[in-house]
Amino acid sequence: MTVTYEEALQKYEPVFGLETHVELGTTTKMFCGCPTTFGAEPNSHVCPVCLGLPGSLPVTNRVAIEYTIKIGLALNCSIASWCRFARKNYFYPDMPKNFQISQYDEPLCVDGYLDVLVGGKTVRVGIERVHLEEDTGKSLHIGGATGRIQGADYSLVDYNRAGIPLVEIVTRPVPGTGYLAPEVARAYVTELRDLLRSLGVSDVRMEEGSLRADVNTSLSPRGSDVLGTRTETKNVNSLRSVERAVRSEVSRQAEVLDSGGRVIQETRHFHEDTGVTTSGRSKEEAQDYRYFPEPDLVPVAPPRDWVESIAASLPELPSARRARLMAAWSLSELEFEALRNAGALDVVEATVAVGASPADARKWWLGELARRANDMGIEVSALPITPADVARISELVAAGSLNDRLARQVIEGVLDEEGTPDEVVAARGLAVVSDDSALLSAIDEAIAANPDVVARIRDGKVQAAGVLVGAVMKATRGKADAARVRELIMERLG
Ligand SMILES: [Zn+2]
């Protein structure tokens with residue numbers, strides 16, 4: 001690409017929007033009793049309703065309605081007191097009925113927002129609507145190198161996923177984020193994922209497709225509030241890809257506009273390997289889907305008292321948790337973001353809960369443990385060490401039984417599955433030498449071996465004592481408390 005992201009930003013203001021699909025974690029499908037478990041034998045979780053056989057009739061899943069209301073309330077939306085499902089007509093091999101039951105002009109939840117934190121600043125992302133629909137099946141293309149339909153010998157369809165409840169969360173266009181647009185888009189999906197997880201309505205696994213984001217991007221000329229033509233990048237399957245997809249589209253569209261061209265409204269595919277998007281199909285207009293109210297279903301009219309009882313049962317949401325932890329731990333927005341982005345929020349909170357100070361818990365999880373997790377290519381929360389272990393190690397350091405260097409060795413031992421911190425300390429003999437008489441013999445040896453240093457200290461150059469402290473630490477193989485060693489040296493020479 002010849003126009004860099006930075007160059008594009010000098011002339012254009014990016015505007016993005018996100019349509020996020022979430023598979024709900026109900027035990028049965030949206031309109032029938034088929035199970036929803038992932039990874040079953042193909043076409044084993046199907047029945048006449050989700051296969052769209054003639055004469056079968058759908059029945060709405062009450063838990064899916066409840067989960068959608070939960071999501072709507074958590075996103076500060078109004079909940080419709082009466083709404084209907086609609087048929088969205090299109091033809092696709094993985095959709096057995098040749099229409100999808102969705103919601104069109106009467107979504108269940110409308111007009112909310114989600115606040116996200118980026119670079120220490122809060123950005124409010126408007127939520128246009130949250131609606132409920134059914135998922136499609138899955139086509140598998142067999143033969144050929146890419147798993148795509150091009151070059152395949154034949155295709156198979158698995159309808160296990162057809163009819164799983166799917167919630168679509170649509171944002172309003174988000175203007176005014178400038179250079180940070182890709183990061184704000186990523187932070188929004190991250191915050192939304194955490195919110196959905198805290199609600200317990202979905203397992204939100206992007207890699208299994210239970211959370212899928214389509215990213216809309218357009219450019220306005222700087223200083224103009226006219227929205228440019230948008231493109232829709234489909235099924236972006238990781239948080240990192242959300243950021244990269246916006247960045248790549250901004251550069252590509254700037255290049256088109258700079259060369260006098262016109263951005264075409266179309267869907268585009270994001271390529272994980274190259275980080276660029278390529279053209280998909282030209283985007284259908286709403287009228288192409290010939291929406292009409294679904295005649296086989298009764299309207300959804302959630303009673304007010306039910307909605308109120310759902311609102312009262314909402315758990316602590318990520319935004320409330322953020323405010324609580326920032327106050328309790330005296331953190332700035334940037335410090336909080338660092339914890340969240342490191343995936344260390346839960347483990348630090350658990351470590352504090354079993355007695356460590358917030359500062360110590362953050363120090364170990366964001367320092368030594370983050371480094372180890374990075375080396376192993378896993379999340380910090382997946383390390384084979386418990387919050388209780390980390391709390392015990394910081395307790396031993398606070399009591400002076402371990403110094404930081406020894407504590408890192410204890411961590412190494414616990415990660416190598418040598419046992420609890422106390423077991424590792426005992427087995428490896430890692431306790432700080434706190435017995436002064438044991439230290440004094442090492443100190444006397446150091447003094448005898450370094451007469452010139454001793455002379456400088458006696459001349460008033462007390463910083464030279466560092467050489468003697470170093471010699472004692474070496475002799476005790478790092479097991480001494482350096483501050484105590486320095487004290488004893490000064491006493492000895494005083
Ligand atoms: Zn079924």
Side-chain angles (χ1 to χ4, degrees), residues 17-30 36-38 61-79 102-103 107-118 123-135 161 164-172 174 184-215 235-243 307 310-325 340-341 343 345-346 349 379 381:
L18 285 138
E19 293 173 18
T20 313
H21 285 94
V22 188
E23 260 181 18
L24 295 182
T26 53
T27 50
T28 56
K29 290 187 181 180
M30 186 64 231
T36 55
T37 36
F38 183 78
N61 183 331
R62 180 190 164 95
V63 177
I65 300 286
E66 182 183 331
Y67 283 5
T68 307
I69 292 174
K70 265 190 184 176
I71 295 170
L73 291 169
L75 290 171
N76 309 290
C77 290
S78 319
I79 309 302
S102 180
Q103 292 193 292
L108 187 48
C109 321
V110 293
D111 207 14
Y113 62 84
L114 181 64
D115 285 339
V116 303
L117 196 57
V118 177
V123 179
R124 178 158 292 186
V125 176
I127 304 291
E128 187 181 297
R129 57 190 279 148
V130 177
H131 75 242
L132 189 51
E133 59 191 29
E134 57 179 340
D135 210 346
R161 200 178 68 178
I164 289 187
L166 200 61
V167 160
E168 183 171 341
I169 300 163
V170 183
T171 71
R172 297 188 186 286
V174 184
V184 175
R186 177 188 182 145
Y188 164 79
V189 180
T190 309
E191 182 79 15
L192 183 62
R193 181 198 61 181
D194 293 351
L195 177 98
L196 294 166
R197 187 177 286 148
S198 73
L199 293 174
V201 296
S202 169
D203 60 10
V204 286
R205 293 206 181 111
M206 286 190 102
E207 66 281 7
E208 284 181 8
S210 56
L211 181 72
R212 320 197 284 265
D214 300 338
V215 187
N235 291 338
V236 181
N237 289 327
S238 71
L239 295 171
R240 185 166 162 262
S241 296
V242 171
E243 184 173 340
V307 174
I310 295 171
S313 74
L314 290 182
E316 180 184 46
L317 300 178
S319 54
R321 184 184 185 204
R322 175 166 71 224
R324 174 173 63 78
L325 293 180
R340 187 198 62 194
N341 295 347
L345 214 46
D346 291 343
E349 191 173 18
E379 298 285 320
S381 54

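For this chain, numbers begin at 1 and follow the sequence in order.
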For the student: nearest non-hydrogen atoms of Q103 and L132, plus distance: OE1-N, 3.1 Å
Non-hydrogen side-chain atoms of N61 and K29 separated by less than 4.5 Å: no
Close side-chain approach of R340 to D194, heavy-atom, < 4.5 Å: yes
Minimum side-chain heavy-atom gap C77-I127 below 4.5 Å: yes
Neighbour count above 12 (heavy atom, 6.0 Å) for E379 CD: no
Identify all side-chain donor-acceptor contacts of residues 107-116 below 3.5 Å with residues at least two apart in sequence or on another chain.
unit_1 : atom_1 : unit_2 : atom_2 : d
D111   : OD1    : R172   : NH2    : 3.0
D115   : OD1    : R124   : NE     : 2.8
D115   : OD2    : R124   : NH2    : 3.0

CA sep, side-chain torsions, deciding dist, call: V63, L24, side-chain contact (heavy atoms from CB on, under 4.5 Å): CA-CA 9 Å; V63 177; L24 295 182; over 6 Å; no
Pairwise distance CG(L345) to OG(S381) - rounded to 0.5 angstrom: 11.0 Å
Pairwise distance CG(N76) to OG(S319) - rounded to 0.5 angstrom: 7.5 Å
Rounded distance [0.5 Å steps], NE2 in H21 versus OG in S210: 13.0 Å
Pair D135 + R212, salt bridge at N-O below 4.0 Å: yes
Between CZ on residue R205 and CG on residue L211, distance to nearest 0.5 Å: 12.0 Å
Euclidean distance, L73 CG relative to K70 NZ, rounded to 0.5 Å: 10.0 Å
Any L192 side-chain heavy atom under 4.5 Å of V204 side chain: no
Over all atoms of both residues, closest heavy-atom pair of L239 and R193: CD1-NH1, 3.4 Å
Gap between atom CD of E316 and atom CZ of R322 - 0.5 Å precision: 11.5 Å
Heavy-atom side-chain contact between M206 and N237 under 4.5 Å: no
4.5 Å side-chain heavy-atom contact, T190 and V242: no
Donor-acceptor under 3.5 Å (T36 side chain, T26 main chain): yes
Any E23 side-chain heavy atom under 4.5 Å of E208 side chain: no
All side-chain hydrogen bond (donor to acceptor under 3.5 Å, both in side chains) counterparts of S102, not counting sequence neighbours: E133
Any side-chain heavy-atom pair of Y188 and T171 under 4.5 Å: yes
Heavy-atom closest pair, residues S198 and L195: OG-O, 2.8 Å
